[in-house]
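These notes are about the structure you will find just below.
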Amino acid sequence: MTDPFDKCRLCTGSKCCTYITQHIPAPRSLTDFDFLLWQVSHQGVSVFQAGDGWFLQFEARCAHLQADRRCGIYETRPQVCREYTNDWCEFDEQAEKHYKLHFADHAALDAYCRKRFRRWDARHAPERRSA
Ligand code: SF4
Ligand code: SF4
């Protein structure tokens with residue numbers, strides 16, 4: 001097992017500084033999942049369920065991550081960065097995923113919804129066409 005103090009030195013991607021997550025209410029209905037489907041249709045947006053709930057993930061490299069993989073504002077970095085530990089982080093994630101569910105894109109979420117909801121394909125009311 002890797003010494004946790006060596007992880008950040010060995011970690012070449014600095015993955016923890018290249019995305020943000022946003023906690024969201026657990027989706028339940030057809031409408032909830034249809035809305036998520038719109039969100040994950042955008043490049044760099046994914047959704048996952050972990051032990052502590054559902055989250056949107058946005059791939060977005062932090063502007064303060066320097067070429068040498070150090071934080072450019074280390075002394076004044078935000079609290080969320082200060083509280084983050086490498087006890088279990090993306091470095092470990094490469095070997096063992098912590099997701100219960102993970103949908104990287106529209107196709108993955110659509111396939112899941114198709115299995116979860118019998119009426120998935122019929123969820124949209126017939127569209128009215130103007131004369
Ligand atoms: S906390 Fe984890 S993901 Fe972030 S730099 Fe260290 S080892 Fe890499
Ligand atoms: S502020 Fe620093 S520690 Fe926080 S995400 Fe950006 S580079 Fe990483």
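Both counts, for ligands and for their atoms, begin at 1 and track the order of listing.
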Next item on the list: Let me see the working for S29 and D32 under side-chain hydrogen bond (donor to acceptor under 3.5 Å, both in side chains), right down to the final yes or no.
Entry: CA-CA 5 Å; S29 67; D32 294 341; 3.3 Å; yes
Check: Please walk me through it: do R70 and Y74 pass side-chain hydrogen bond (donor to acceptor under 3.5 Å, both in side chains)?
Finding: CA-CA 8 Å; R70 291 177 183 275; Y74 189 78; over 6 Å; no
Checklist line | CA sep, side-chain torsions, deciding dist, call: Y19, F58, ring-ring contact (aromatic ring centres under 6.0 Å, His included) | finding: CA-CA 6 Å; Y19 72 93; F58 304 86; over 10 Å; no
Next item on the list: Apply the test side-chain hydrogen bond (donor to acceptor under 3.5 Å, both in side chains) to residues W120 and D110: give CA-CA distance (whole Å), side-chain angles for both, the deciding distance (0.1 Å), then the verdict.
Entry: CA-CA 9 Å; W120 181 246; D110 189 57; 2.9 Å; yes
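Against a heavy-atom cut-off of under 4.0 Å, C62 is close to the following atoms of ligand 2: 1 (S), 5 (S), 6 (Fe), 7 (S). Heavy-atom contacts of C81 reach the following atoms of ligand 2: 1 (S), 3 (S), 4 (Fe), 5 (S) (cutoff under 4.0 Å). Of all the atoms in ligand 2, the ones that sit under 4.0 Å from a non-hydrogen atom of L65 are 7 (S). When each atom of ligand 1 is checked for a heavy atom of Y84 under 4.0 Å away, the hits are 1 (S).
Within 6.0 Å of atom CD in Q43, 12 or fewer heavy atoms from other residues, nucleotides or ligands are found, so the atom counts as exposed in its surroundings.
In this structure, atom 8 (Fe) of ligand 1 lies nearest to the protein heavy atom C11 SG, 2.4 Å. The closest protein non-hydrogen atom to atom 4 (Fe) of ligand 1 is C16 SG, 2.3 Å. Atom 1 (S) of ligand 1 has as its closest protein heavy atom N86 CB, 3.5 Å. For atom 2 (Fe) of ligand 1, the nearest non-hydrogen atom of the protein is C89 SG, 2.3 Å. Nearest protein heavy-atom contact of atom 6 (Fe) of ligand 1 is C8 SG, 2.3 Å.
For residue C17, an N/O/S atom approaches atom 8 (Fe) of ligand 2 to within less than 2.8 Å.
Ring planes of W54 and F103: parallel class, angle under 30° (limits at 30 and 60°).
Under a 4.0 Å N-O distance rule, the pair E83/R77 does not qualify as a salt bridge.
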